[in-house]
Structure formats: structure tokens, C-alpha cells
Amino acid sequence: HSIGQQDDHVLSLIDCLRPRLKELIVVDRVLDLIDFIENEQKERIRQKARNDGDISAADSLINAVVQKPHTPGWFTAFVDALNNGGCKFAADYMQLNLPTPEVEAENENCVRFIHLLIPSLADMGTDQVCADCFSKGLLTIDERDRIMAEIGNRGSRSGARELLRRIIKCPPGWYSTFLQVLKDTEHDVLYNELTGNEDKKPSLKDKPKATTGESPASAESCDGTESREITVNEQPMDQSTGHTEQTFCDSEPLLSFADGSALEVARSPEKEIILRDYQMEVAGPALEGKNIIVCLPTGSGKTRVAVYITKEHLDRRKAEGKPRKVIVLVNKVPLVEQHYSAEFLPFLKNKYKVERVSGDSQLKISFTEIVKKNDIIICTAQILENYLERANGGEDEGVNLSDLTLIIIDECHHTQKGGVYNHIMMRYLKQKHKNKRLIKEQKEPVPLPQILGLTASPGVGGATKMEKAEEHILRICANLDASRIMTRSHEEFKKEQRKIIVSVEDRREDPFGDVIKKIMTAIHNHAELTPTCDLGSQNYEQWVVQKERQAAKDENQKVRVCAEHLRQYSESLNLSNTIRMQDAFSFLNKYYEEEMKKKTAPEEEHKIQITDTERFLFNLFKDNKKELETLAKNPEYENDSLSKLRTKILHEFSSRDEARGIVFIKTRRSAIALNQWIQENPKFADIGVKSAYVIGGGDQSVVKPMTSAEQKDVLKKFGKGQVNLLIATTVAEEGLDIPACNFVIRYGLVTNEIAMIQAQGRGRAEDSSYTLVEVKNSGVAEKECVNEYRKNMMNKAIQKIKLLNQAAYEKRITEFQIQAIMEEKVRMTKKKQKDIKNESPSNVKFSCRSCSEPICTGDDIQIIENMHRVNVTPQFRKLYIQRENTTLQERLLDYETNGFIACKNCGQRWGSMMMYKGIECPCLDVKNFVVNLNGKKISKCTKWNEVPIKFSAFDYAEHASNMTMSDNSDDDETM
């Protein structure tokens, strides 16, 4: 038992030190000295080192070392291997001989400094420096021999890089020893460059350096501010070929730092963009300045093609002396950072200014300024649309399409009616057609940017016939003004993933579900409702929502509250079919606890009414609670889907060296519950499953959303292997670059063919598998067959479109564009009419959705910052009670929220209490009311902009002075 505990202690130590160990282990040396790893596994790790570099291979090596079961003495053997394999610094860490934080920071600075000066250092006389480093103990005999072999095989510069890669992994103190070596071998210029003494005469041993920029910082402050300015953009020319030599022989830097910050990207030398033949082929027309859509499977490097086109576009326009401005549009916040750090910045930073902006950015200057000051801007599409609208409204702080020369639209299949991409492209199409008129009138047309669309799958838009599928794809081409849609030639498609559909048995018995259905039937009888579909199905859910809305409108509180409770029972049936019965039970239990809280007033003297129906519903749950709780604990009644999923995950993790997968699931609640089930199940922990969930950031659900920082953090951990199983809602399906994922499971979730292609595409690794696990009532298998059919139809439709002659293609595109412009005009006219909020505020009345009590009229409501509707009248203050809101306290909002407000009569939540500039303002949420406009009831308002009323602005000064006066009069009375 104590050995097991000791093992666990050591494993958690290795896990803590993993980021540092990955940087310090030289895989090939250490691997030879470990005898408890099988030869086959060693070979795979060596292969990884050759393909992906040392850091990635070191991670695999650590995985192999910690893999259970352990042989006796494994830890000591590992430490010995590190010591004898020239990784003494890594061995020190393992034995907790840690450097002080100051020494560690200084060492890191020295590593970074060496990193920056590689182009100069690669010109050293490597054989002499190698011999001296060996004699001073910086290299082992084996490392010396390998470096000498590298010099013999690939030349002195390659040997120098190998030498530097080895010495930076030595314990602190290596830097001063290395300086001494340079001095002893008469590399005076290099010595002076590293120490900041630039006045010494160069020695014959030194060649000209290839670094431009500011003078380097002194060695004492290896990371001084000056060194930050060093750029490496003039790479040495190979005289024989005239080509520039790449600064690294590997694709990865000498050392990557655990934080993976953009600063590191900014400081490492610029990478060279190398495209494969098929990528070059699809980029062709765009390089000639034409608008195209690039349609390549996920993982085929669409973004890399876009980076190459961007570089060529900017280079060409620079050479021609023309203005140049590229904007990259994405539809999800995490994609902004991903495209910036992983793609555009590393390849283009030395020649061009790259910046990223999203709703999360805390930039101190306006978007207009950012566009002016940078060459490439990566942003969420809505930001550009907002600033185009500003310019359209004549504001100074706007952006015009004519300011841009290339727009790249990521996931461009969203360029359809109603989407923000389409709003941007409609501006483009209108101007394009205006330009035709201007040219006819011999006037100067307004310049328009080139358009590049990127997608893995344009989809078929629900089409069942080939003709409609073609039309759908042509409409997207028209909306993007694409002259062609470019795909990879058929024979080059990557091999298909293994695709498995796992069907499940119906439960032989489902006593838990039977009790839930019995309760639901009792509620139907009480409210005199007769459902026409299966309880718990999607149709049932829609039926219940409609009943609730209609009942609120009719002020039928009996039906309304029953429908509200039926929705919860329907959700718990779904949870019990998807996850465990105990998740379904705890969800119901929590719901009833919250409902009971609503019915208890904060002050004892005030009583909140409980209607007969509510009492009936509370008692119904109370009477069945014990039975549900007991049944939920009985494992023999669990659903088959979960056991199939367990088997599948265990199989993936036990049959792969490094399993990394994603399970897609339908709802946020089930994603959280599934993750909890995995973390509580010891079988998963034993085979090394480390799970986390990633869900959406929108606020429309009852489940607390995930902030984009939290999403980013989970995806970063998944990328580094600290998490190897991701439980995700559809948020992770599109675009997010999730590397090395080798299995994808869709658990009871199928949407459309685009999502299917996107989800399959998340499995990027060579031997990846794609599995579908059925869940009762989900109809997964049937939908997946339909999606397969649509995918094949889409591929055929694209081929047919590509075979059209250009004149026929352009004719159809123009027709669709004119149709789109006309439809947009009609839409805008309707929108203007809708936006004319000409109703008088006194014509609208609000009543409580739960008890139908009249609350206030539109005259009582004011608006703060064009956003928050508040009612600060003294009459309104008498109608509500205030409660603490636990979920709001967990989330940090821009303004203070002091809990929520609820109906004094029935406990229905109405909105939140916000603190605005020191004043408490009850802020109303329209979905909690029934709106009566000119005598007509509207029960479906979910957003304030659906109420055609222009409310008066909140007068802060007047309200504050009224409050002061009433406070003074209160004081007078007490005197």
C-alpha cells in the first residue's frame, strides 16, 4: 500500500514538472538507457522525435515512463537514465534539487537570448567549440560524437544548431562556461555580441552575422528591453542556389516555453511558408487577384493557404506601390487568437504588422486606428460589421470596404441569409453593382477588396435533390462573389477515417423512467393536457414550450406552471437516457429546491402565495422523491448507451500509445454531467484518462456559460496533452484547431452534414476513428445516413459546378446576386418599419408571467446606456422582493449586480438589481412578463428589441437629486 502511495506521489511530481522536463530531456540519449520501455514503443518515440522534434517526443517518453503497471525501481532507473544521458538538469528537477526562482529566471533569459542569436551563432567554428564544450563538461562523449557526425553529414551550421540544442539543457551556469569557450576559441565577435562589448576587433574565426535590428542586450540582463527589438529577417543566402536557408533545421524552436505566449512567437525567427502541390493548385486563381472559395477537408491546411495568399498579396501590392490591407474574419472568439498565434504571426511578423481584435480584447485604441496602423487584422466578423455601419452612418470612427484590399472569410459556408458574414458581403455586392453603373457613366468606381472564402464543407442547405444542392452552393459562391470554387483533385483526398456506428439495446426495464412518466401523466391529468407524442422526445419538448406560451397569454396559470414543470421532467428523461439516472435525479432535486426557495420570502412577516397547482406539483415530487433516489442508485437499470461509451473510451485508450479524443454531446448540462461521470469512475483514471468539458459562451441557457478565457484554457491544456479527453457541445466542432486528436465520438448527437464533416475533421491524426453512439430518442443512426447521403451529394454538386463553363457559371452567379440585393432591400425596408418605434410607452402594459398581476406601463420604464431597461418608480419598489443571486456572484460583470428581483406575490423572477453609479436600479428582463400592447397580449417576447417602444433615457441627475431629497425628508422626520 505504501509503495502505491509513493508511486502516486512520484506521478503527481512528474505531472507538475512535465512542462519543464519536456524542455530539458534529450530523447535519443535517455531512451537508450531505459530498459523498462519496450523496444516497439521506443521506436515509436524515436519516430516522433524525427517527425515532430524533441519536445513532442519528450512528452511521449514521459507518458511511457509513467504508464502503469510499474516495475520495481522504475523511478530510480529513470533518474539514472537522465543523469547518464546528459540531462543532469532534468535529473536535478526529478530529485527536487531545484534552482532558486532567481537562478531559474536568469537561466531562462539566457536560453531565450541564445535562441534569438542563433543566426549569428550558427556561423561559429563548430568543431573547435564542440571539442572545448566537451572538455569543459557541457557535452557528454556521446553528444560530442553526434555533433561531429552532424557536421560531417550536414555541415558546420547544422552541427552548431545541434550543439546549442544540447547545451541549453545543461544545469544553470552553462552560459558563463559557453562564453569562456567562445573566448578560448577566439570567437571574439560572437563573445562580444553575447556580452554587449561591441568595440573589440573581429577575429578571423568569425563570419558576418545575419542579424539585423538593434544591438543585442548585455549577457548580464539576457532579457533586457533592447534584446526584445532584435529581429531576424535577413537570412543568409546560399550562394549556389540563391535561396535563403531556413534558420532551423527543425520546424520547432530550440525550446518552447510553457506559457506558449505570443511574445515567444514574436521573438522567434520568421518561418518560411511551404505549400504542398495541391495547396498551391487551389491558391492559383487567388494569386492572380481573383475571388475564390477554397474548399479543403479539415486538417488539409486551408489557413496555411490563406497565409501564403496574404503574403503574396501584400508583397505584390507593396512592389506596385499600392495601398494594402488584409482583414481575416472569423465567427468564434477563440479562432482569433488561434489564427494570430499559430498561423499569421509566425509567418508574416517580420515584414508586416499583424494584430488581432475580438470582443475579449482589451485594446486601448479604437478599431479604426488598429486598421490604419496594421497590415493584417484578424477579428470577429461582428466587429468589422459594426465599424462598416459606423462609416455608413457618416461617423468618423468607421471603416470602409474601400480601405481594405483583401478579406479572408473563415468558415465561409455561414455566408447565408441573416448571418453577419452575409451583411458584410451584401455591402460588397451592392457596391460592385453600383460600380458597374459608375463605369457606364465614365466615373471612377469605388475600389473593392479581393475576397477569399475558406471552408471544409459548404453543405447542401437541407436539399434532397441534386439541383437544390447545386443551387445552395452556387448561392454561397454568389454571396462571396467567387469566380471559382477550388477543391483538391479527387484522387488526392486523404484516406477515409474508420467510421463505426454503435447501436444500443433498449433497457429491459426502466423503472426510473417509468416513475418520471407516471409523474408526467399525473400532471397532464391535473392540467387536462393530452400530448400527441412520446414523452421526452424533441417533439414533446416543442409541444410543452408552445403550451407554456399560450397559457401565459391566456393567463391560465394552472397550465402555464404545469408546462414549466413538465419541461424539467422531459429534460430529466433525456438525461437518464444519455447519462446516469443519478444525474437526472440531482437535476430534478435541484430544480425543486430552487422552486421552494422562490416561495420563501427573505423577511419572515411576508408570505409568498403558493397556488393549489404549485402545491400539487411540489407534493407530487416529494411523494416520489424517495423512490426515484433509490432507483437512481441501482446500476443494473443504467442505459446501454453509457456502457457502450465506456467500452469505446476504454478501448481507444488501451489500444493507443497516446489517445487523445473528443466526445461531442448535445446539451451543456449533459456535457458537464458526462465529464463528472468520467472523473468519478476509477477505471478511466487507471488507464490515464484526463477529461475536461468545453461548452458555449452564450447566455441563453440556464446552465452557466463558459467564458472564452476558460474555453481557451481547456483547449490549450488539450493541445499540450494535460487533458486527453474533451467533452464538447457543438462549440468545438468548427474551426478550432485541435491537434493530434485521434478519435472522435458523437454521443447521441447529429445535426447536419456540415457538422458531421467538421466533427470528423477534428480527428486530425493518421489512424483516427469516428464513432457514433446511439442514444434513445436521438435518431442518430438515421440522421447520420442522411448526412452521408448529403455529403456525397455535396461533393457531386461541387464537381458539377466546377464543370460549368465560366460564362454559364457567371450568369447564374449574377442572377443570384441581383436576387440577393433585391431581397436585402425588402428586408431593410421591413427592418426600418420595425425599428420605427412609434408606439407610445403608455400603450404597453406588463404583467407577471407567473401570477398575471399587473406590474407597470411603458411610461415607468427608462433605459440606461441604450441597453438596460430599469424601473425606479416608488410604486414599483413595493411590488418586488430582492434575493441573493448565486450565479451572478460567480460571474464578473461590468457593473455590479446585487442579486435579482422577484414578484412579491408569487416569487417569479423579474430581473436583476444592478448598481449604476452608486444607485440601485431594478433591471427588468422582458421574458419574465406578458406584454400587452394596445390590448393585444404577446407572450413570446424574449428580447427587449421585440417590443416596438422607444423608452425614455434614464435621467441620472434627476433621480439622484430625488433620492437625496427623500433621504433629507426622512432625516427631518427622525429629528
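Heavy atoms only: backbone and side chains are in, while hydrogens, waters and symmetry mates are out. Keep in mind that what you see is a predicted model, and the values were worked out from it rather than measured.
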*Please check if the side chain of Ser570 supplies one atom and the backbone of Leu566 the other of a donor-acceptor pair under 3.5 Å.*
no
*Do any N or O atoms from the side chain of Asn624 and from the backbone of Leu620 form a donor-acceptor pair under 3.5 angstrom?*
yes
_Greater than 12 external heavy atoms within 6.0 Å of Glu680's CD_ = yes
*Side chains of Gln338 and Thr303: closer than 4.5 Å at any heavy-atom pair?*
no
*Take atom NZ of Lys547 as the centre, draw a 6.0 Å sphere, and report whether it contains more than 12 heavy atoms from other residues, nucleotides or ligands.*
no
*Verify the distance criterion only: is there a donor paired with an acceptor across the side chains of Gln546 and Gln550 at less than 3.5 Å?*
no
*Could you state the interatomic distance from CG (Asn724) to CG (Asn742), rounded to the nearest 0.5 Å?*
9.5 Å
_Side chain to side chain, Leu645 and Trp677, heavy atoms closer than 4.5 Å_ = yes
_Whether the side chain of Tyr747 engages the backbone of Thr578 through a donor-acceptor N/O pair (distance < 3.5 Å, no angle test) should be reported._
yes
*asked:* I'd like to know if the side chain of Glu411 and the backbone of Thr455 have a donor-acceptor N/O pair within less than 3.5 Å.
replied: no
*Find the distance between CD1 (Ile665) and CZ (Arg746) and round it off to the nearest 0.5 Å.*
11.5 Å
*Taking every non-hydrogen atom, the tightest pair across Gly721 and Lys690*: O-NZ, 3.4 Å
*Answer yes or no: is there a donor N or O on one side and an acceptor on the other, between the side chain of Asp15 and the main chain of Leu11, under 3.5 Å?*
no
*asked:* Does Lys717, at its NZ atom, have more than 12 non-hydrogen atoms belonging to other residues, nucleotides or ligands within less than 6.0 Å?
replied: no
*Measure the CD1-CD1 distance between Ile473 and Ile798 for me, rounded to the nearest 0.5 Å.*
4.5 Å
*Residue pair Met706, Tyr693: steps toward the side-chain contact (heavy atoms from CB on, under 4.5 Å) verdict*: CA-CA 10 Å; Met706 217 171 184; Tyr693 66 85; 4.3 Å; yes
_For Glu638 and Ser643, which I'm curious about, is there any donor-acceptor pair between the side chains at under 3.5 Å?_
no
*Where do Lys590 and Glu593 land on the salt bridge (Lys or Arg N to Asp or Glu O under 4.0 Å) test, with the steps shown first?*
CA-CA 5 Å; Lys590 191 174 175 197; Glu593 279 173 7; over 6 Å; no
*To the nearest 0.5 Å, what is the distance between NZ (Lys517) and OG1 (Thr521)?*
9.0 Å
*Among all residues two or more places apart in sequence or in another chain, which pass the side chain to side chain contact (heavy atoms under 4.5 Å, CB included) test with Glu509?*
Pro511, Tyr637
*Please name the pair of heavy atoms, one in Phe616 and one in Ile523, separated by the smallest distance, quoted to 0.1 Å.*
CE2-CA, 4.3 Å
*Determine yes or no for a side-chain-to-main-chain donor-acceptor pair under 3.5 angstrom, with Arg660 supplying the side chain and Phe718 the backbone.*
yes
*Closest heavy-atom contact between Ala632 and Met581?*
CA-CB, 3.7 Å
*Check: Gln679 side chain, Ser691 main-chain N or O, donor-acceptor pair, under 3.5 Å*: yes
*asked:* Using a 3.5 Å distance criterion without hydrogens, assess whether the side chain of Ser572 forms a donor-acceptor pair with backbone atoms of Tyr569.
replied: yes
*Work out which heavy atom in Met794 is nearest to a heavy atom in Gly459; give both atom names and the distance.*
SD-N, 3.3 Å
_The criterion is salt bridge (charged side-chain N to carboxylate O under 4.0 Å, His left out); which residues satisfy it with Glu38, sequence neighbours excluded?_
none
*Is atom NZ of Lys468 surrounded by more than 12 heavy atoms (other residues, nucleotides or ligands) closer than 6.0 Å?*
no
*Spatial distance of atom CD (Glu337) from atom CG (Leu715) [nearest 0.5 Å]*: 12.0 Å
_Would the distance check show the side chain of Asn639 and the main-chain N or O of Ile579 forming a donor-acceptor pair, the cut-off being under 3.5 Å?_
yes
*So, do Val330 and Thr380 sit near enough that their side-chain heavy atoms are less than 4.5 Å apart?*
yes
_If you compare all heavy atoms of Lys625 against all heavy atoms of Phe585, which two are closest, and at what distance to 0.1 Å?_
O-CE1, 3.7 Å
*Go through the steps for Ile519 and Asp623 under the test side-chain contact (heavy atoms from CB on, under 4.5 Å), then give the verdict.*
CA-CA 10 Å; Ile519 296 172; Asp623 295 346; over 6 Å; no
*Find the distance between CD (Glu594) and CG (Asn589) and round it off to the nearest 0.5 Å.*
11.0 Å
*Please step through side-chain contact (heavy atoms from CB on, under 4.5 Å) for the pair Gln722 and Lys716, ending with a clear verdict.*
CA-CA 9 Å; Gln722 293 161 347; Lys716 197 170 169 186; over 6 Å; no
*What are the two closest non-hydrogen atoms of Val544 and Ala563, and how far apart are they?*
CG1-O, 3.1 Å
*For Arg849, does its backbone N or O pair with a side-chain atom of Arg560 as donor and acceptor, under 3.5 Å?*
yes
*Between Phe618 and His565, how do the two ring planes meet: parallel, tilted or perpendicular, split at 30° and 60°?*
perpendicular
*Report the C-alpha distance between Leu575 and Leu588 in whole Å, list the side-chain angles of each, state the deciding distance to 0.1 Å, and finish with yes or no for side-chain contact (heavy atoms from CB on, under 4.5 Å).*
CA-CA 10 Å; Leu575 274 174; Leu588 274 179; over 6 Å; no
*Given the rule in the salt bridge (Lys or Arg N to Asp or Glu O under 4.0 Å) test, do Arg567 and Glu548 qualify, once you have shown the distances and angles that lead to the verdict?*
CA-CA 9 Å; Arg567 246 183 109 175; Glu548 193 279 334; over 6 Å; no
*Determine whether the side chains of His413 and Tyr421 contain a donor N or O and an acceptor N or O closer than 3.5 Å.*
no
